[in-house]
Every structure is written in C-alpha cells, then in structure tokens.
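No experiment lies behind these values; they were computed from the predicted model shown. Any value given below was found using the heavy atoms of this structure, including those in side chains, with hydrogens, waters and symmetry copies removed.
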Amino acid sequence: MANIAGLDAYQTNQETEVIDASKKVKIAIIGTGWIAEAHIDSYLKMEDVEIVALADLVPGKAAKFAEKFKLKNCRIYESDEELLKNEKELDGVSICTYNCQHAPCAIHALKAGVNVMLEKPFTVTLDEAIEVMKAEKESGKILTIGFQPRMSENMKMIKKIVESGELGKVYYMQAGGGRRRGIPTPFGTTFIEKETGGVGAVGDIGSYSLDMLLGAVGYPKPLTVSGYTSAFFGTDPAYYPSHPEYAEKFGVDDFAAAFIRLEGDIILDFRISWAMNMDTCGDALILGTKGGLRIPSTDCWNGEFDKPLTIYKTIGDTTIQYEVPLQPAGTLFYKKLRSFIDAIKNGGKATVPSSEIVYNQAIIDGIVRSAKQGKEIVIEIPQI
C-alpha cells in the first residue's frame with residue numbers, strides 16, 4: 001500500500017508560535033452578529049492584531065459589540081462604506097454580514113485596497129462571486145473565504161489519502177451528514193429570510209461539505225447539475241413552537257440534493273439538510289478504482305469529525321478495511337484567522353482562494369437554478 005504521509009505517526013508536540021508584535025495589523029469587522037464573536041475571540045488572542053473599527057447596519061449593534069468585548073479605542077460605523085472611507089490605515093477586514101451582503105461588502109473593501117476575510121458561503125449567486133473576483137483581480141489584495149475545516153489535520157488527511165494513490169482513480173463521491181433539527185433561528189431570522197440569507201442549507205452547511213470533497217480531488221470544474229431543494233420544515237409553524245411566525249418568513253431551502261458531473265469523469269452525489277426525519281444523510285464516501293474511503297457523518301462538516309476515517313481495499317481475493325487514527329482537534333477558527341493575518345504580514349496568498357471556491361459557488365448556484373427549472377443544467381463559469 002502507498003505510504004500516506006502522517007498515517008502511521010503523528011506529531012503531537014507542535015512548535016510554539018512566535019509572533020512579532022512590534023507592528024500591529026489593523027483589522028475591522030463588518031457585521032457584528034454571532035459569527036463575528038468567533039472572529040473577535042480569535043483576534044483578541046493575537047498580540048500583533050489591533051481591532052480598530054466595527055460596522056453594522058443595525059443602529060447601536062456595533063457599539064454594544066464593542067462594549068461586550070471591551071474594545072475601548074474602536075471606532076463605530078453604521079455602514080461598511082462609511083468605515084472604508086474613514087479608515088485610511090486599514091490592513092484587513094473580516095466580513096461577517098448576512099449572506100446577501102457578502103458580495104457588496106467584499107467588493108467595497110477590495111476596491112478600497114483592503115485585504116478581505118470573507119465568511120462562507122462565498123456569495124449567494126455565481127454572478128456575485130464573479131463580480132467579487134473581478135474586484136479582487138483589480139485590487140491585487142488578498143481574498144480568502146472562511147472555511148475553517150481546511151485547518152483541520154483530519155480534514156487534510158482526506159486529501160493526503162486521495163493524493164497518495166491509495167484509492168486509485170476517484171470516480172464517485174457521496175456527500176452525507178446533515179442535521180435532523182437544525183434550522184439556525186436562535187439568533188433571529190436573517191439565515192432563513194430570502195432577502196438576507198439568500199440561500200439556506202445548501203449554502204450554509206452544504207458549502208462545507210462541498211469544500212471537503214472537492215478539495216480532496218483537486219477542485220475539478222463542475223460541468224452539469226441536476227438539483228432539488230425543499231422547505232417542508234422551515235415553512236411549518238409547528239417547527240417553531242415559540243415563534244410560529246418564523247414559518248411565514250422562511251424563504252430559503254432546508255434540504256437540498258443534487259447529482260453533479262465534474263471534470264475528470266467524477267460524479268458527486270450531494271445532499272444536505274437543516275431539518276429532516278432522519279438522523280443523517282449518511283457518511284461521506286469517496287470511491288476509487290483501488291479503494292474506498294468512508295468519512296464519518298457530522299451534522300454540518302464545519303470542523304472536526306469524532307470517528308476515524310476508514311479505508312476499504314481488496315488484496316488478492318481478500319477484502320480488508322483499516323482505520324486512519326484521529327489527530328487531536330485543533331483551534332480551527334483561530335488558525336483560519338491566523339493564516340489571514342500571516343498572509344497580510346508576509347505578502348502571502350489566500351489559504352482558501354476564490355479560484356477554488358468559485359466552483360463551490362457555481363454548484364450551489366446550479367442546484368438552486370436547476371431545482372427552480374426542474375431540469376439538469378449546464379454550469380458555465382465566465383472567464384475573469
């Protein structure tokens with residue numbers, strides 16, 4: 001069998017991170033909802049980062065955020081454009097807005113010559129993603145998309161296994177996981193309203209699932225997609241005993257499935273759920289001509305998994321399987337933002353580049369359009 005890097009031994013003692021804090025990287029956060037709290041928690045642990053500004057469209061929200069996290073010298077704005085106009089020495093922004101504001105905020109920041117950490121999903125539509133990438137190209141600045149699972153050594157192992165040749169030629173992948181009851185309304189309705197969320201489960205946690213599998217096989221270009229979406233649970237008042245009015249506001253998908261053809265003669269069988277009458281859509285699978293890989297199910301693929309990967313092989317006429325030991329869970333969100341700061345300081349590149357995630361976004365966009373049209377569609381991605 002091929003020698004898979006890290007399969008037999010893991011380095012458990014990591015080197016102590018040495019950070020030069022003599023010059024602060026000036027960061028602003030645009031959008032101060034719950035995901036922004038994960039950003040500020042990580043940034044406040046970095047001695048070389050200074051949070052200089054916050055912006056939120058809701059009056060008073062950014063100020064309360066600053067007070068909660070004791071950001072005494074932080075300037076407050078009620079729009080990203082006002083922030084970018086006034087903050088002349090800004091090095092980077094974390095964009096933590098609701099989905100429908102991802103594209104305009106990213107474009108504004110890039111055109112202002114500011115590096116961008118953009119939370120997932122990339123955008124709502126493929127057209128928006130292309131416009132963001134045009135601004136990125138013109139600016140020459142860093143644009144990285146917020147997929148913290150990329151920082152996981154366990155997630156990285158999936159790609160190592162595929163690249164080692166252990167599975168042979170990959171011809172089929174199955175996306176699994178999904179939530180039984182997990183429509184994200186504890187923080188209000190911005191995730192579920194069409195005007196703010198834009199897309200539902202397919203973009204929220206489906207983007208993670210897509211990134212895990214597409215990344216493992218080198219992000220091949222999507223060619224066609226036949227998609228399905230539904231919203232049986234989100235539009236049912238009984239789902240929200242305390243807030244039945246949420247059902248009227250629900251305007252996105254709570255379940256999606258698709259059959260996607262990729263370059264390289266690979267089929268991706270996709271499904272994801274915010275709510276369903278099942279505990280999981282199944283494990284994720286990667287099938288190759290020499291072996292198969294089972295990736296244990298999670299409810300959203302946004303971090304680690306708690307069971308080992310399993311590889312299936314046939315040796316002669318004997319079928320075997322063996323587990324890949326789990327590596328310790330890491331501080332993935334911190335690592336995601338640390339990689340962004342390091343890229344700014346060292347002139348580096350995006351850890352999660354738009355050139356890859358545009359394929360992720362094209363699939364999401366294709367699923368939504370295919371479901372609406374009721375037929376398979378061809379995915380066309382414009383040149384930039």
Side-chain angles (χ1 to χ4, degrees), residues 19 21 23-123 132 135 139 141-146 148 184 186-191 193 195-198 331 333-345 350:
I19 295 175
K23 183 179 180 181
K24 303 286 188 180
V25 177
K26 293 180 172 58
I27 295 293
I29 298 177
I30 297 172
T32 55
W34 69 272
I35 196 63
E37 296 193 4
H39 282 246
I40 195 67
D41 281 341
S42 293
Y43 283 137
L44 291 177
K45 293 180 174 71
M46 302 179 194
E47 297 178 357
D48 56 344
V49 171
E50 180 184 1
I51 305 298
V52 298
L54 303 171
D56 200 290
L57 294 172
V58 179
K61 189 175 180 180
K64 290 181 180 178
F65 186 92
E67 182 180 359
K68 178 177 180 178
F69 290 96
K70 299 180 173 59
L71 305 174
K72 296 181 180 179
N73 299 317
C74 188
R75 292 172 288 280
I76 305 299
Y77 301 94
E78 291 188 0
S79 76
D80 66 304
E81 292 174 292
E82 183 185 7
L83 183 154
L84 293 164
K85 179 180 178 180
N86 287 281
E87 296 296 326
K88 302 299 184 182
E89 298 181 356
L90 199 58
D91 296 307
V93 294
S94 272
I95 296 178
C96 303
T97 63
Y98 45 75
N99 298 343
C100 287
Q101 284 298 306
H102 281 193
C105 288
I107 290 170
H108 294 158
L110 290 165
K111 287 188 173 181
V114 178
N115 299 295
V116 173
M117 162 60 72
L118 177 61
E119 265 302 331
K120 61 81 205 165
F122 187 175
T123 53
V132 174
S139 72
K141 292 297 180 179
I142 297 165
L143 169 65
T144 189
I145 317 302
Q148 66 271 9
F187 305 98
T189 58
T190 56
F191 271 99
E193 294 187 58
E195 294 75 15
T196 50
T331 52
F333 222 95
Y334 176 90
K335 290 180 178 179
K336 174 176 80 172
L337 297 180
R338 185 67 246 175
S339 70
F340 177 54
I341 297 301
D342 289 343
I344 292 173
K345 293 179 70 172

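- Between Phe333 and His39, the ring-plane angle classifies as perpendicular under the 30° and 60° cut-offs.
- Other residues, nucleotides and ligands place no more than 12 heavy atoms under 6.0 Å from the NZ atom of Lys111.
- Distance check, rounded to the nearest 0.5 Å: SG of Cys74 to CD1 of Ile29 gives 7.5 Å.
- The SG atom of Cys105 lies 11.0 Å from the CG atom of Leu110; values are rounded to the nearest 0.5 Å.
- Using a 4.0 Å cut-off between a side-chain N of Lys or Arg and a carboxylate O of Asp or Glu, Asp48 and Arg338 qualify as a salt bridge.
- Dense packing is recorded around NZ of Lys24, with more than 12 heavy atoms of other residues, nucleotides or ligands lying under 6.0 Å away.
- Atom NZ of residue Lys23 and atom NZ of residue Lys345 lie 9.5 Å apart, to the nearest 0.5 angstrom.
- To the nearest 0.5 Å, atom CZ of residue Phe122 and atom CG of residue Leu143 are 5.5 Å apart.
- From Met117, atom CE reaches atom CD1 of Ile145 across 8.5 Å, with rounding to the nearest 0.5 Å.
- Side-chain contact between Arg75 and Val52 is present, with heavy atoms from C-beta onward closer than 4.5 Å.
- Atom OH in Tyr43 sits 13.5 Å away from atom CZ in Phe69 (nearest 0.5 Å).
- Applying the 6.0 Å contact sphere to CD of Glu47 captures no more than 12 heavy atoms from other residues, nucleotides or ligands.
- With contacts defined as side-chain heavy-atom distances shorter than 4.5 Å, the pair Ile27/Ile341 qualifies.
- Glu87 and Tyr77 share a side-chain donor-acceptor pair at under 3.5 Å.
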